[in-house]
Amino acid sequence: MDETPSVPMTRPNVYGVDMDSSTRCAHYRSALDVIAIKPGCCEEFYACKECHDELSNHEILPWPRGKFDTVAILCGECDTQLTINAYLSCGNRCPSCGTAFNPRCSLHHHFYFSDG
């Protein structure tokens with residue numbers, strides 16, 4: 001198994017409403033709101049759940065715990081892609097560039113990451 005928690009690469013498409021270059025959107029615009037998430041139901045990154053709800057034609061589905069080794073988080077500052085496990089254990093900082101992530105995102109984890 002590959003132990004590398006992050007993958008720097010060219011930025012994939014990120015969908016969002018009124019999104020800036022760091023993936024902040026109309027719904028979350030603080031200096032710390034710089035991640036995009038690929039929900040368990042999609043092959044695309046979205047700036048947030050609300051952006052997903054506005055721009056997709058289906059209900060959001062979380063990732064099951066058995067797939068937390070999937071790359072599904074994007075740092076909007078350096079374009080590093082993280083596995084879910086790496087994101088959940090990074091202490092709210094990008095392991096590649098050190099940019100702080102919003103710790104309050106944990107309040108929304110149930111939309112993205114399943115306990116079961």
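Atom set for the values below is all heavy atoms of this structure, side chains included, hydrogens, waters and symmetry mates excluded. As the structure is a prediction and not an experimental result, all values here were calculated from the model.
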J.: Are Val17 and Val14 linked, directly or through intermediate hydrophobic residues, by side-chain heavy-atom contacts shorter than 4.5 Å (ILVMFWY only)?
T.: no
J.: Would the distance check show the side chain of Ser22 and the main-chain N or O of Arg24 forming a donor-acceptor pair, the cut-off being under 3.5 Å?
T.: no
J.: Test of understanding: clusters of I, L, V, M, F, W, Y form through side-chain heavy atoms closer than 4.5 Å, transitively. Do Trp63 and Leu88 belong to the same one?
T.: yes
J.: side-chain contact (heavy atoms from CB on, under 4.5 Å) with Cys25: which residues, sequence neighbours excluded?
T.: His27, Tyr28, Ala47, Cys48, Cys51
J.: Rounded to the nearest 0.5 Å, how far does CD1 of Ile60 lie from CD of Glu50?
T.: 8.5 Å
J.: State, to 0.1 Å, how close Ala26 and Arg29 come at their nearest heavy-atom pair, and which atoms those are.
T.: N-NH1, 3.8 Å
J.: Would Met19 end up clustered with Leu32 when hydrophobic side chains under 4.5 Å apart are linked, directly or stepwise?
T.: no
J.: Assign the ring pair Phe113 / Tyr87 to parallel, tilted or perpendicular, where the plane angle (0 to 90°) is split at 30° and 60°.
T.: tilted
J.: According to ring pair (Phe, Tyr, Trp, His ring centres under 6.0 Å), does anything in residues 32-51 pair up with another residue at least two apart or in another chain? List the pairs.
T.: Tyr15-Tyr46, Tyr46-His52
J.: Rounded at 0.5 Å granularity, tell me how far CD1 in Ile35 sits from SG in Cys105.
T.: 4.5 Å
J.: Would you give the length of the straight line joining atom CG of Leu74 to atom SG of Cys94, rounded to the nearest 0.5 angstrom?
T.: 9.0 Å
J.: Closest approach of Asp115 and Arg65, non-hydrogen atoms and distance?
T.: O-NE, 3.3 Å
J.: Are Ser30 and Arg104 close enough that some pair of their side-chain heavy atoms sits under 4.5 Å apart?
T.: no
J.: Between Pro95 and Leu82, is any pair of side-chain heavy atoms under 4.5 Å apart?
T.: yes
J.: Rounded at 0.5 Å granularity, tell me how far OG in Ser106 sits from CG in Asn92.
T.: 7.0 Å
J.: Could you check whether Glu77 pairs with Arg11 (Lys NZ or Arg NE/NH1/NH2 to Asp/Glu carboxylate O, under 4.0 Å)?
T.: no
J.: Mind telling me whether His108 and Phe111 have parallel, tilted or perpendicular rings, with 30° and 60° as the class edges?
T.: tilted
J.: Suppose the criterion is salt bridge (charged side-chain N to carboxylate O under 4.0 Å, His left out): which pairs have a residue in residues 32-43, not counting sequence neighbours?
T.: none
J.: State, to 0.1 Å, how close Glu44 and Asn13 come at their nearest heavy-atom pair, and which atoms those are.
T.: OE1-CB, 4.2 Å
J.: Please tell me if the side chains of Cys97 and Cys75 come closer than 4.5 Å, counting only heavy atoms from C-beta onward.
T.: yes
J.: Surrounding NZ of Lys49 (heavy atoms of other residues, nucleotides or ligands, distance under 6.0 Å), is the total greater than 12?
T.: yes
